[in-house]
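Each remark here refers to the structure printed beneath this line.
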Amino acid sequence: MNLNLYNTLSGKVEPLTLEAGKPLGIYACGPTVYDYGHIGNFRTFLQVDVLRRTLKLFGVPLRHVMNITDVDDKIIRNATALNLPIGEYTARFEKAFFEDLDALHVQRPEVIARATEHIDQMVKLIERLAAQGAAYQAEDGSWYFRLAAFPAYGKLSKKDLSGMVDGARVDVDEYEKDSARDFALWKAAKPGETSWQTAIGRGRPGWHIECSAMAMEYLGESFDLHAGGEDLTFPHHENEIAQSECATHKTFARHWMHVRFLLVEGRKMSKSEGNFFTLRDLLLKGYKASAIRFALVSVPYGNQMNFTFDGLVEATAAIERLRNFHARLVAAKLEPGATALKAAAGHAETAFRAALANDLNTAEARAPIFELVRQANTALDKGEVLAGDRDAILETLLFFDSVFDVMEDRDAEATRHAIEWAHSAGRADEIAPALLAGLSISDEEVEKLVAERTAAKKMRNFARADQIRIELAEKGILIEDSKDGVRWKRK
RNA sequence: GGCGCGGUACCCAAGUGGUAAGGGAGAGGUCUGCAAAACCUUUAUGCGUCGGUUCGAUUCCGACCCGCGCCUCCA
């Protein structure tokens, strides 16, 4: 199946085309590792994860590159304040970033590229630009890209530069640029700052050049798809296009995907609004990683999403519904054969794939899955499900989960990590009491009490049975009796 | 100011020129020792407002109101 994806460059939904024999090349802008990631960051990474999982579902071989920006102004400032080498500072946050991605089940890209490990490639690219007069060095030793060298500038963000006057809203006094809109390719070393000695002088790379250089290094001078948050459209991606296409005279990325920002409780997320949350904040409040993933992924990437705590509660309930159904289906004792349900499962899968193919419409993709769950539950109630139906339904769920990845309950691990981190980071007071209650009882102890309750029930000692259930409920353990046995789970 | 996006039930959220997916929540019911889970019924003659085009608009066009984003380094 072909994926139709909105292309910022053309302003239209277009099929993502493959070059014969080559894996699809994707470059997705990664984090600047200067702090813990917030949910806005993760919305973008999660939506790119949906993209890569959808392509894999469609059988498309991938080469997905993500950069790590591990040198920039904020990093230097923060590391200096802590009196740390920047490498030590960034390593800490890079590690945290990948822990967070793991908690959210974001798959690793094929290539992870650190800016500081590609200085050479950046310098060569700047030299290439300089050779044709598109880059120049200012008196302080910094290098700039000459916007005048690239007339197509603005084609991605649809900006008309002729209306923009130098100096109007631009800081012109800091460096000696030919035009205020020229952007930095290379920043001359300042005393005490991290820098590299290179053929173009001592200094450090500008932000935009790293993505151009690393994308070309791993995907070639022209590649399939470039993705990132919507804020990057301008100036970051526009600048990448300018410097790359100026250097190579080739189309840089053919397709551009931008993930829209989220709002938190209806407002732009900001520290001053008090609605700024890292993943860790949410885990410590007791929200499950799977619920956060499901909530962040369920609104299509092209739509602004409103992230709310009610939404997390809802996502938790929706996932429960799926997991309950899955467990019920697997445990059911079924006769061989198949009914119309088998075909229904196939239709649900077709609708699921079609929704994703339609510009990654995750909201639309969920619907047929939930519909199938209801149909199958109804049939299970009536005892009408046969083994062949189950096989087909489980297969559909597998495809669904290959993209959404919320069926298997691996939440306790992410929560436990967050709690350990809170202790080490001096934030133990932020851990929700309910989480601590849940930790106070092991699986073995739960099993023992559940067995005792089952025995008590058998002897019609309902008082004791209820007492155990209440006791467990206080620790966040839910017990469910069914014809096929007793099941328990952590809330 | 320039460019762009959106306003769908109690909440979240798809969608379509021909009469409103899905999830959550609420209410009633079935099942159950009690629960939980599950199922059934129910909750928008209505899709920001006002006009227009059309046999017919929530869907197209216009105006207005409201919210949001980008406009030099925030995903």
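Convention: sequence-line order gives letters A, B, ...; per-chain numbering from 1. This structure is a prediction, so every number in the text was calculated from the model and none was measured.
A straight line from CZ of A:Phe145 to P of B:C73 spans 19 Å, rounded to a whole angstrom. A:Leu322 places its CG atom 14 Å from the P atom of B:A37, with the value rounded to the nearest Å. Atom CG of A:Asp466 is separated from atom C1' of B:C34 by 5 Å (rounded to the nearest Å). Rounded to whole angstrom, the span from the CG atom of A:Asp481 across to the P atom of B:A36 amounts to 12 Å. Spacing between atom CZ of A:Arg321 and atom P of B:G24 amounts to 5 Å, rounded to whole angstrom units. B:C74 atom P lies 9 Å from atom CG of A:Leu232, rounded to whole Å. Atoms NE2 (A:His258) and P (B:C71) sit 12 Å apart, rounded to a whole Å. Distance NZ (A:Lys155) to P (B:C71): 21 Å, rounded to an integer number of Å.
Under the 6.0 Å cut-off for aromatic ring centres, A:Phe97 and A:Phe93 do not qualify, their centroids lying 6.0 Å or more apart. Taking the centre of each ring, A:Phe309 and A:Tyr287 come in below the 6.0 Å mark.
Comparing the C1' positions of B:A27 and B:C65 gives an interatomic distance of 35 Å, to the nearest angstrom. Between B:A13 and B:G6, the two P atoms lie 14 Å apart (nearest whole Å). Spacing of C1' atoms, B:U45 relative to B:A57, comes out at 14 Å, to the nearest Å. B:G15 and B:G22 have their C1' atoms separated by 11 Å, with the value rounded to a whole Å. Nucleotides B:G23 and B:A9, compared at atom C1', are 13 Å apart to the nearest Å. One P atom belongs to B:A21, the other to B:U41, and the distance between them is 14 Å to the nearest Å. To the nearest whole angstrom, the two P atoms, one in B:C70 and one in B:U58, are 33 Å apart. Atom P of B:A14 sits at a distance of 8 Å from the matching atom of B:G7, rounded to the whole Å.
Among the atoms of the strands shown, none is found under 4.0 Å from any heavy atom of A:Lys382. Contact annotation for A:Glu230: backbone-only contact, meaning every heavy-atom pair under 4.0 Å involves sugar-phosphate atoms and none involves a base.
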Every protein N/O within reach of nucleotides 4-13 of chain B N/O, cut-off under 3.5 Å:
unit_1 : atom_1 : unit_2   : atom_2 : d
B:C5   : O2'    : A:Arg260 : NH1    : 2.6

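For A:Asn377, whose side chain is taken as the heavy atoms from C-beta onward, the closest listed nucleotide among B:C34, B:C39, B:A75 is B:C39. Here the side chain of A:Lys159 is nearest to one of B:C70, B:A35, B:A75, namely B:C70. Proximity note for A:Glu371 (side chain, C-beta onward) versus B:A75, B:G22, B:G33: the nearest is B:G22. Comparing B:G22, B:C71, B:A35 by their closest approach to the side chain of A:Arg374 singles out B:G22. Considering only the side chain of A:Glu480, B:A36 comes nearest among B:C74, B:A36, B:C73. Side-chain atoms of A:Phe261 lie closest to B:C70 of the nucleotides B:G22, B:C70, B:A35. Nearest to the side-chain atoms of A:Phe234 among the listed nucleotides B:G33, B:G23, B:C71 stands B:C71. Of the candidates B:G22, B:A35, B:C68, B:C68 carries the atom nearest the A:Leu263 side chain, counting heavy atoms from C-beta on.
Taking the six-membered ring where tryptophan is involved, the planes of A:Phe294 and A:Phe404 are perpendicular, since the angle between them exceeds 60° and thus also 30°.
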Using Watson-Crick and G-U wobble pairs whose two distances are both under 3.5 Å, how do you write the pairing of RNA chain B as dot-bracket, with | for links to another strand? (((((((..(((.....[...)))((((((.......))))))....(((((..]....))))))))))))....
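If you take CG on A:Leu472 and NZ on A:Lys475, they are separated by 8.0 Å, rounding to the nearest 0.5 Å.
Remark: ring of A:Phe462 overlaps the six-membered base ring of B:G33 in a stacked fashion, centroids less than 5.5 Å apart, planes less than 30° apart.
Residue A:Lys489 places none of its side-chain N or O atoms closer than 4.0 Å to OP1 or OP2 of B:A36.
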